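Accompanying notes for the structure given below.
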Amino acid sequence: MKIDFNKMTKAELRAYVVAHPQDKAAFYAFVDRFTSVASPETFTMLQSPAEIAEIDHLIRQKVEQMQTE
């Protein structure tokens with residue numbers, strides 16, 4: 001019996017892929033679904049240690065904010 005990945009929710013499909021890592025069809029179905037809703041926005045590469053430090057600071061700040069909410 002062939003599984004219809006289109007009838008699964010994204011969470012169900014992800015769980016199936018995790019449980020069946022050898023199933024390439026499921027993996028491709030999951031990637032197709034994920035990329036169909038992914039933002040096409042791209043970002044330039046960080047150019048300096050200062051930019052990397054600033055991004056690191058912003059990420060840590062956001063994580064701390066989420067932990068206190």
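No experiment lies behind these values; they were computed from the predicted model shown. Note that these values count all heavy atoms, side chains included, but never hydrogens, waters or copies made by symmetry.
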Between Phe34 and Arg14, is the side chain to side chain contact (heavy atoms under 4.5 Å, CB included) condition met? List the steps.
CA-CA 10 Å; Phe34 177 78; Arg14 181 186 181 281; over 6 Å; no
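Met66 forms part of no hydrophobic cluster, judged by ILVMFWY side-chain heavy-atom separations under 4.5 Å.
Under the rule for a side chain to side chain contact (heavy atoms under 4.5 Å, CB included), the partners of Thr9 that lie at least two apart in sequence or sit in another chain are Ala11, Glu12.
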Side-chain donor-acceptor pairs under 3.5 Å in residues 52-59, sequence neighbours left out?
unit_1	atom_1	unit_2	atom_2	d
Asp56	OD1	Arg60	NE	3.2
Asp56	OD2	Arg60	NE	2.9

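Under the 3.5 Å distance criterion, the side-chain polar atoms of Arg33 are left unmatched by any main-chain donor or acceptor of Leu13. For Glu51 (side chain) and Ser48 (main-chain N/O), a donor-acceptor pair under 3.5 Å exists by modelled atom type.
Shown here is Phe27, whose CZ atom has no more than 12 heavy atoms of other residues, nucleotides or ligands within 6.0 Å.
The aromatic ring centres of Phe5 and Phe30 sit 6.0 Å or more apart.
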